[in-house]
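Accompanying notes for the structure given below.
Residues: numbered from 1 along the sequence shown. Note that the structure is a prediction, hence the values are computed from the model and not measured.
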Amino acid sequence: MATDDAMAAFNEKLSKANIYGQWKADAFLQQVTDGPRPAGGARLWRWDDVSALLEEACIVMPESVTARRSLMFSNPDLERRGTTHTIAMGMQMIRPGEVAWAHRHSINALRFVIKGNSDLYTVVDGEPAPMENYDLVLTPGWAWHDHHNETGGNAVWLDVLDVPLVLALNQPFYEAFGDETQPVLDVPKSPSVRYAWADMEKKLYAGHDDDEGDDGVFVEYVSPITGGPVLPTLSCWAQWLKPGFETKPNRRTSSAVYHVVKGSGRTKIGDRELFWGAGDSFCIPNWAHHHHSIDGDGAILFSVHDTPLLKALGMFFEETMSHLGGQSIPAPRAGK
């Protein structure tokens, strides 16, 4: 065996040659025998706090010119900005008569409407998509999009994007359309831009009498084109949980962000417990033990998960099998 001094000198020599010995990773491998450490911590953003800041932003920024009036939820426990290590979530407000100018990017994004109207809409590659309360509107990577508020009041929606993932892969692209708005098509070309809440709500309540399983009634938004997730990196779900219901403890290699559509409850994530109500938003880091407990009249949750990416890589695992359909972690091999 090499002496400590000899090994230190050799490691230094390798470093000067821009090389490192694999043996230096042994300590890291020992640390992940139970899987990855959760990236970032559990965090909650309350509706009362965020909505007040959005109203203030309208005063500070009476015209949203080059910066959209969007407040992104930053997780202070992450090294890189984001809500989880792969997902960015926030809320955006536009005032009556405003247009959030047209552009596109390699980032996948979606909008979950909190305060909407049939006269609020997003144009996606020339197709107008109405944004009524709790509708889901997609702006996939490379799709031109601009938002229009032709109502008499402020509009608010939840923004969810895969920005941290795109930045980690060093794949960001951006392009302004040039004009403030893009031309609108006479005939819609895509059936998968808007998912009306009225349709999803019917599916949720249709499952009330079914066997709910560990996650309550859990319904995925499905692309009518592929039959799979609505975006290549992000999957969206609506979840209905009865009063007094408690989900089974779970942990997954995916991370997730949640918005509370209705009701109240609490979520235990690791050693933290988040108490939430209608309009609040929170995040669950990857590989963190968690479960929901429901109060009052039950709750409806909207959530976004980075499972499609992990499934494509064969890296989506979960300890308690659920509607998300992960693989169970292989059982450890017995020692000799």
Where [X] and [Y] come nearest, the two heavy atoms and their spacing:
| X | Y | result |
| --- | --- | --- |
| Asp146 | Ala102 | OD1-CB, 3.4 Å |
| Arg80 | Pro164 | CD-O, 4.3 Å |
| Tyr195 | Ser223 | OH-CA, 3.5 Å |
| Phe275 | Leu44 | O-CD2, 3.3 Å |
| Ala288 | Arg251 | O-CB, 3.5 Å |
| Gly216 | Leu241 | CA-CD2, 3.8 Å |

Using the rule that two of Ile, Leu, Val, Met, Phe, Trp, Tyr join whenever any of their side-chain heavy atoms come within less than 4.5 Å, decide whether [X] and [Y] are in one cluster.
| X | Y | result |
| --- | --- | --- |
| Leu158 | Tyr134 | yes |
| Leu309 | Val222 | no |
| Ile107 | Leu110 | no |
| Val257 | Met72 | no |

(message) Going by ring pair (Phe, Tyr, Trp, His ring centres under 6.0 Å), name the residues that satisfy it together with His145, two or more places apart in sequence or in a different chain.
(response) His103, His105

[X] side chain vs [Y] backbone, donor-acceptor pair below 3.5 Å:
| X | Y | answer |
| --- | --- | --- |
| Asn75 | Gly41 | yes |
| Arg95 | Pro62 | yes |
| Arg111 | Trp157 | no |
| Asn286 | Pro38 | no |
| Gln182 | Val123 | yes |
| Ser264 | Asp295 | no |
| Asp125 | Ala143 | no |
| Arg69 | Met93 | yes |

Would you give the length of the straight line joining atom [atom1] of [X] to atom [atom2] of [Y], rounded to the nearest 0.5 angstrom?
| X | Y | atom1 | atom2 | value |
| --- | --- | --- | --- | --- |
| Thr84 | Ile284 | OG1 | CD1 | 11.0 Å |
| Thr267 | Leu301 | OG1 | CG | 7.0 Å |
| Glu150 | Ser118 | CD | OG | 10.0 Å |
| Lys203 | Tyr221 | NZ | OH | 9.0 Å |
| Leu204 | Phe218 | CG | CZ | 10.5 Å |
| His305 | Leu234 | NE2 | CG | 10.5 Å |

Please examine the side chains of [Y] and [X], heavy atoms only from C-beta on, and report whether any two atoms are closer than 4.5 Å.
| X | Y | result |
| --- | --- | --- |
| Gln239 | Asp215 | yes |
| Pro140 | Asn108 | yes |
| Arg194 | Glu132 | yes |
| Ile114 | Trp47 | yes |
| Pro229 | Thr307 | no |
| Ile87 | Val160 | yes |
| Trp197 | Val113 | no |
| Cys283 | Trp45 | yes |

(message) Less than 4.0 angstrom from a charged side-chain N to a carboxylate O is my criterion; do Arg43 and Asp77 meet it?
(response) yes

(request) Name the orientation class of the two ring planes belonging to Phe177 and Trp144 (parallel below 30°, tilted from 30 to 60°, perpendicular beyond 60°). (result) perpendicular

(message) Ring-plane angle category for His292 and Trp276, please: parallel below 30°, perpendicular beyond 60°, tilted otherwise.
(response) perpendicular

(message) Taking atom CD as the centre, does Glu175 end up with more than 12 heavy-atom neighbours from other residues, nucleotides or ligands that are less than 6.0 angstrom away?
(response) yes

(request) Flag yes if more than 12 heavy atoms outside Asp26 fall under 6.0 Å of its CG atom; otherwise flag no. (result) yes

(message) Please report whether the ring centroid of Phe302 lies less than 6.0 Å from that of His259.
(response) no

(message) Between His290 and Phe282, is the ring centroid distance below 6.0 Å?
(response) no

(message) Name the residue from Asn154, Leu120, Val156, Thr151 that meets the side-chain contact (heavy atoms from CB on, under 4.5 Å) definition with Ile94.
(response) Leu120

(request) Show your reasoning for whether side-chain hydrogen bond (donor to acceptor under 3.5 Å, both in side chains) applies to Asp179 and Thr181. (result) CA-CA 5 Å; Asp179 295 330; Thr181 62; over 6 Å; no

(message) Set out, in order, the CA-CA distance, both residues' side-chain angles and the distance that settles side-chain hydrogen bond (donor to acceptor under 3.5 Å, both in side chains) for His147 and Asn149, then state yes or no.
(response) CA-CA 7 Å; His147 311 291; Asn149 184 1; over 6 Å; no

